[in-house]
Amino acid sequence: MNPIELIVGLGNPGPEYAHTRHNAGAWYVAELARRHGGQLREEGKFFGWTGRIRIGNHEVRLLIPATFMNRSGKSVAAMANFYQIPPEAILVAHDELDLPPGSARFKQGGGHGGHNGLKDIISSLGNNKDFYRLRLGIGHPGHKSQVAGFVLTKAPAPEQSLLEATVDEAARTTDILFNDGMTRAMNRLHAFNADSTK
């Protein structure tokens with residue numbers, strides 16, 4: 001039985017951030033909505049853009065917080081509490097410094113790894129870390145002092161094409177997650193490398 005009831009894509013609101021690396025999670029949720037004919041609309045009580053789609057026999061809610069990244073938990077907790085969705089039924093998609101562009105990983109639980117969106121979500125869910133994550137690789141600038149500027153800028157074109165290919169593959173793999181389970185989805189996604197498909 002598939003456990004995921006809510007898929008969240010992290011990013012920062014506003015056109016100046018729309019194409020920056022930090023918004024990779026939001027791109028993924030927008031792609032899921034597009035692939036499955038869903039409409040995302042702004043909903044004030046959830047502090048974000050929400051929608052519903054059907055994947056196979058499963059209905060799932062989508063959420064892109066309209067808060068800034070470091071307040072993502074406000075949006076996630078509002079929706080989870082309203083619909084009584086437990087943390088272990090939530091998948092949060094986010095940019096991941098520790099993976100190279102062109103790769104992605106599913107995982108359940110764990111810390112926030114310095115990611116301000118994850119940090120706020122964990123805090124807002126009562127320090128429960130058991131939600132699933134989709135880690136979308138964006139690479140690392142090389143030094144922690146450069147991270148803030150790096151995640152808030154747009155990737156150069158060759159790197160951006162890798163990110164877009166990874167988001168596309170992650171969306172396809174989500175169908176496998178819902179229809180065949182997390183293990184099969186992990187097996188496919190973790191073997192994927194957009195760099196090698198060129």
Side-chain angles (χ1 to χ4, degrees), residues 1-11 23-38 50-65 72-73 76-77 79-80 83-115 117-119 121-122 125-140 162-198:
M1 188 175 157
N2 178 73
I4 306 298
E5 299 174 40
L6 169 62
I7 299 177
V8 182
L10 300 187
N23 278 42
W27 303 341
Y28 159 76
V29 166
E31 175 62 14
L32 281 181
R34 189 194 68 77
R35 281 176 61 86
H36 294 280
T50 72
R52 280 192 298 179
I53 59 171
R54 180 170 288 278
I55 303 177
N57 295 321
H58 304 275
E59 196 169 81
V60 61
R61 297 182 186 280
L62 303 178
L63 172 65
I64 298 176
S72 299
V76 175
M79 197 161 188
Y83 290 112
Q84 297 185 306
I85 300 171
E88 57 273 16
I90 299 172
L91 171 66
V92 177
H94 64 91
D95 56 309
E96 176 58 70
L97 290 162
D98 293 336
L99 291 173
S103 62
R105 299 285 185 274
F106 285 118
K107 69 176 284 194
Q108 184 180 18
H112 54 70
H115 193 289
L118 294 181
K119 190 185 299 183
I121 291 169
I122 290 169
L125 295 177
N127 289 320
N128 189 316
K129 303 173 184 176
D130 290 340
F131 55 90
Y132 286 87
R133 297 100 188 277
L134 168 61
R135 305 162 65 217
L136 296 161
I138 61 167
H140 198 288
L162 294 178
L163 295 177
E164 290 170 3
T166 305
V167 166
D168 180 72
E169 177 66 9
R172 294 172 188 275
T173 307
T174 304
D175 292 2
I176 296 172
L177 190 163
F178 277 84
N179 294 320
D180 301 314
M182 180 60 84
T183 300
R184 285 199 179 181
M186 282 182 168
N187 287 344
R188 170 160 164 170
L189 186 63
H190 297 190
F192 176 79
N193 183 345
D195 224 355
S196 67
T197 61
K198 288 184 167 291

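Under the side chain to side chain contact (heavy atoms under 4.5 Å, CB included) criterion, P100 pairs with S103, not counting sequence neighbours. When the side chain to side chain donor-acceptor pair (under 3.5 Å) test is applied to D168, the partners found at least two apart in sequence or on another chain are R172. Partners of D95 according to the side chain to side chain donor-acceptor pair (under 3.5 Å) rule, which considers only residues two or more places apart in sequence or in another chain, are H22, H115. R135 is linked by a side chain to side chain donor-acceptor pair (under 3.5 Å) to E96, counting only residues two or more places apart in sequence or in another chain. Scanning for side chain to side chain contact (heavy atoms under 4.5 Å, CB included) contacts around A185 gives F106, T173, I176, L177, with sequence neighbours left out.
Across all their heavy atoms, P65 and S72 have their closest contact at CG-O, 4.3 Å. Closest of all the heavy-atom pairs between L163 and P101 is CD2-CB, 4.1 Å.
Sorted by first and then second residue, the salt bridge (charged side-chain N to carboxylate O under 4.0 Å, His left out) pairs with a member in residues 178-192 read E169-R188; sequence neighbours excluded.
Looking at Q108, its side chain does come within 3.5 Å of a backbone N or O of D130 through a donor-acceptor pair. Counting only distance, with no hydrogens or angles, the side chain of H58 and the backbone of F178 share a donor-acceptor pair below 3.5 Å. When atom types are taken as modelled, the side chain of R34 and the backbone of G37 share no donor-acceptor pair closer than 3.5 angstrom. In this structure, R133 contributes its side chain and G110 its backbone to a donor-acceptor pair below 3.5 Å.
Checking each of V8, L91, L62 against Y28 for a side-chain contact (heavy atoms from CB on, under 4.5 Å) leaves exactly one that passes, namely L91.
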